[in-house]
Amino acid sequence: MSWSLRHSRGVWVSDRPWVMGIVNVTPDSFSDGGSFLDPEAAVEHALQLVHEGADILDLGAESTRPGSSPVPVEEELRRLIPVIKALRRRTDIPLSVDTSQPEVMRQAAAEGVNLLNDVRALMLPGALEVAAETGLAVCLMHMQGQPLHMQSNPGYGNLRQEVMSFLQGRVKACLETGIDQRSICVDPGFGFGKTLQHNLELMAHLHDLLELGPVLVGASRKSMLGVALGGRPVHERMPAGLAAALWAAKEGAAILRTHDVQATCDVLRIWRLIEEHKA
Ligand code: 9MG
């Protein structure tokens with residue numbers, strides 16, 4: 001399935017899902033501890049993901065794992081900007097910044113980032129306007145509540161309808177602020193205010209979201225996989241993450257956000273080789 005996404009410097013067009021490598025520049029990220037708080041280590045990790053076949057990197061300095069608190073804007077900037085600058089000196093790979101803060105979006109855009117990945121779907125005051133000014137691509141994600149409490153007792157009347165109408169509303173807000181429809185991708189937000197049953201239902205019906213734009217999916221190492229497998233710890237969740245990524249790819253996802261770049265690329269390559277022999 002092909003997809004395209006406009007950003008300030010052009011259009012990405014692809015006939016296969018892209019692999020988005022996760023680079024956490026946080027001391028408390030949920031699956032790689034604090035090992036990339038050091039900017040140099042974060043840059044080396046990012047370059048390793050490029051070597052493994054990542055199509056785009058997602059750089060984040062605010063942990064959004066369940067139970068985490070927001071990071072002050074100054075701290076987010078202090079962590080992120082040196083990493084973005086260093087990466088831009090060494091690679092022209094597309095870069096995404098995982099942030100909800102308008103000032104971080106503005107400064108990251110000035111340093112050459114291409115996509116704004118906002119788990120709060122540009123809801124913070126000023127975020128829509130800054131996103132529109134930058135002309136970058138945006139990812140609008142669904143989340144029920146905020147990371148600190150979102151997994152306490154998530155509940156929905158009609159899950160799929162609520163996720164769909166939230167994302168429709170955010171797309172509309174983007175268009176009204178001057179963001180180009182062709183620059184918008186959407187994400188159901190696996191694990192963000194959702195039980196295992198909610199996540200499975202959304203995954204099973206992922207295809208429905210394609211009417212809103214290219215779909216980004218992030219399931220890598222998430223607790224939903226651990227719960228589904230009876231309590232599997234984070235370092236044993238890779239096969240489950242690959243299964244979810246392959247399912248999402250077959251359902252038409254455009255971008256797969258993952259810690260496990262090489263393995264995800266391998267899975268997609270084998271899928272594609274098999275597909276080519278169907279014709
Ligand atoms: C930052 N982040 C963590 N999980 C994510 C997910 O599933 N999607 C997106 N877009 N961002 C995420």
Side-chain angles (χ1 to χ4, degrees), residues 5 17-26 28-32 36 42 54-71 76 79-80 94-101 104-105 108 113-124 127 131 136-148 150-151 154 163 166-167 170-171 174 183-194 196 198-200 202-203 206 209 212-226 234 237 240-241 244-245 247-249 251 253-260 264:
L5 198 58
W18 270 17
V19 176
M20 173 184 261
I22 300 171
V23 182
N24 286 316
V25 194
T26 65
D28 61 348
S29 93
F30 64 110
S31 46
D32 35 27
F36 305 123
D55 298 290
I56 181 169
L57 299 176
D58 188 39
L59 313 173
E62 180 202 358
S63 172
T64 48
R65 66 184 286 196
S68 59
S69 304
V71 170
E76 233 187 293
R79 293 178 188 176
L80 270 176
L95 293 179
S96 157
V97 64
D98 152 23
T99 187
S100 299
Q101 295 293 342
V104 178
M105 293 175 185
V113 153
N114 309 90
L115 185 147
L116 304 172
N117 174 28
D118 186 2
V119 299
R120 296 180 182 82
L122 304 177
M123 299 274 275
L124 291 195
L136 300 193
V138 298
C139 177
L140 307 171
M141 199 197 78
H142 175 272
M143 167 164 62
Q144 184 181 78
Q146 290 297 315
L148 188 58
M150 67 189 177
Q151 290 304 105
V163 171
F166 170 82
L167 292 174
R170 297 313 296 156
V171 170
C174 284
S183 299
I184 301 173
C185 66
V186 297
D187 182 337
F190 291 106
F192 285 82
K194 292 161 188 103
L196 173 61
H198 296 142
N199 288 313
L200 293 175
L202 287 170
M203 194 62 100
L206 197 62
L209 293 179
L212 300 178
V215 173
L216 190 153
V217 165
S220 173
R221 300 187 188 175
K222 285 194 177 164
S223 64
M224 62 185 260
L225 305 172
V234 69
R237 292 180 193 158
W247 170 273
E251 287 299 293
I255 304 179
L256 305 168
R257 185 178 182 277
T258 183
H259 302 82
D260 301 302
T264 305

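Just so you know, ligand 1 is whichever comes first in the structure, and atom 1 is the first atom listed for that ligand. As a basis for the values below, the full set of heavy atoms in this structure was taken, side chains included, without hydrogen atoms, waters or symmetry mates.
Listed by number with element, the atoms of ligand 1 under 4.0 angstrom from any heavy atom of Met141 are 6 (C), 8 (N), 9 (C). Heavy-atom contacts of Asn117 reach the following atoms of ligand 1: 9 (C), 10 (N), 11 (N) (cutoff under 4.0 Å). Of all the atoms in ligand 1, the ones that sit under 4.0 Å from a non-hydrogen atom of Gly218 are 7 (O). The Val119 neighbourhood of ligand 1 comprises atoms 1 (C), 2 (N), 11 (N), 12 (C), with distances under 4.0 Å to a heavy atom of that residue.
By the salt bridge (charged side-chain N to carboxylate O under 4.0 Å, His left out) test, Asp118 is found to be paired with no residue, residues two or more places apart in sequence or in another chain being considered.
What you find for Ser63 and Ser68 is that their closest heavy atoms are O-OG, 2.8 Å.
In terms of N/O distances under 3.5 Å, ligand 1 is not approached by Asp98. Of the polar atoms of Cys139, none of the N or O atoms is found under 3.5 Å from an N or O of ligand 1, judged by distance alone.
Summarising the geometry, atom CE belonging to Met224 is positioned 10.5 Å from atom NZ belonging to Lys194; distances are rounded to the nearest 0.5 Å. For the atom pair CG of Leu167 and CG of Leu212, the computed distance is 6.0 Å after rounding to the nearest 0.5 Å.
Taking each of Arg257, Met143, Lys222 in turn, the one with a heavy atom nearest to atom 7 (O) of ligand 1 proves to be Lys222.
Residues Asp187 and Arg257 are not paired through a salt bridge, judged by the lack of any N-O separation under 4.0 Å between the basic side chain and the carboxylate.
With hydrogens and angles left out, the side-chain atoms of Thr99 and Glu76 include a donor and acceptor closer than 3.5 Å.
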